[in-house]
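Counting starts at 1 for both ligands and their atoms, in listed order. Excluded from the calculations below are hydrogen atoms, water molecules and symmetry mates; all remaining heavy atoms, backbone and side chain alike, are included. All residue numbers refer to positions in the sequence shown, counting from 1.
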Amino acid sequence: MKIKYEEFKGEFVKNCPCSPEAVSCGYYNMNLHKGCPFSCTYCILQSYLDSKDPVFYTNISQAREELRKAGKNLKNIRISTGELSDSLAYENESNYSEIIIKIMHEFPEIVFEFKTKSANVENLLSIKPLKNIVVSWSLNPEEIIKIEEHNTASLPERLDAMAKVQEAGYKVGIHFDPIIITDNWKKEYRELVENISNIVVPGNIAWWSLGALRFPEELKEHIFKYKDSKLFTGELIKGYDSKYRYFKPLRKELFLFVRDEIYKKISPSPPLYLCMEDNEMWNDIFPNLDPDPDLINKYLYDSAMK
Ligand code: SF4
């Protein structure tokens with residue numbers, strides 16, 4: 001798909017919308033582009049965006065000015081371009097990673113995260129890494145990638161790209177989001193953590209999110225197009241934010257299982273956090289972490305900048 005370039009009429013820097021009643025991790029988004037070439041069965045963009053066609057915004061100086069203002073008013077900013085697009089999906093046709101890294105040179109106190117399901121890291125590898133840049137992958141077992149994450153890079157390709165950016169000196173982020181129930185989910189996630197443990201050096205992990213499958217009513221029509229999808233395997237209920245999610249005890253089981261695998265295979269104290277979960281879930285999964293957005297944000301920021 002050909003990229004369109006146009007001016008963005010609005011504000012670039014925004015709070016991550018999170019969910020009412022969920023404990024926010026204090027994250028920000030800066031959408032310098034929108035549209036995604038991938039077709040994940042669970043992806044909200046499939047119903048949220050009117051078109052999948054990529055649009056890249058040209059008023060970069062405005063984004064820079066907004067970052068300057070945000071940097072004056074806020075502390076410990078963590079931000080990314082991965083809300084309305086995949087941060088690196090169009091790297092073969094655009095040089096936005098280079099543009100972003102140039103901008104982030106001017107804001108050494110702001111942590112910027114490239115979030116991707118691609119393996120497009122060649123541009124990043126040709127640039128000297130900055131301390132405030134994190135390159136993150138959304139990861140799932142290969143069995144789930146094949147069925148639910150269409151057109152994305154395979155798990156081996158993503159892990160290989162992760163190994164390369166780590167080797168080049170970048171911090172890496174990991175997102176297990178969404179964690180999806182299948183008949184063999186325990187075995188699959190156990191093997192996934194094992195695979196990651198063969199590649200990632202625990203001290204290079206900036207942060208690692210855990211989020212369970214969730215989707216709004218309007219996405220059902222999109223999901224039904226994928227006959228092999230396993231999204232309806234676990235017991236789903238409509239939650240407080242009108243999104244479908246796994247029943248709470250099942251989410252707790254998922255998080256505890258994955259958390260313990262990570263503790264066993266990667267590190268007893270990795271920078272883990274939950275995405276879109278409430279206080280009670282936080283207390284159950286991370287009893288030693290205060291579910292306070294400012295504290296969580298500071299903890300993740302410090303981990304990235306260490
Ligand atoms: S917990 Fe997830 S949805 Fe909420 S602010 Fe953080 S990244 Fe955004």
Check: Glu188/Thr182 side-chain N/O donor and acceptor closer than 3.5 Å: yes
Which residue and heavy atom of the protein sit nearest atom 8 (Fe) of ligand 1, plus the separation: Cys16 SG, 2.3 Å
Distance-only side-chain donor-acceptor flag, Asn123 / Glu91, under 3.5 Å: yes
Protein heavy atom at shortest distance from atom 2 (Fe) of ligand 1: Cys275 SG, 2.3 Å
Identity and distance of the protein heavy atom lying nearest atom 4 (Fe) of ligand 1: Cys18 SG, 2.3 Å
Enumerated ligand 1 atoms positioned under 4.0 Å from heavy atoms of Met276: 1 (S), 3 (S)
Any donor-acceptor N or O pair under 3.5 Å, side chains Arg158, Ser138: no
Short side-chain donor-acceptor distance under 3.5 Å, Ser209 and Asp177: no
Flag for Tyr189-Glu261: side-chain donor and acceptor within less than 3.5 Å: no
N/O/S atom of Cys25 inside 2.8 Å of atom 6 (Fe) of ligand 1, strictly under: yes
Enumerated ligand 1 atoms positioned under 4.0 Å from heavy atoms of Ser24: 5 (S)
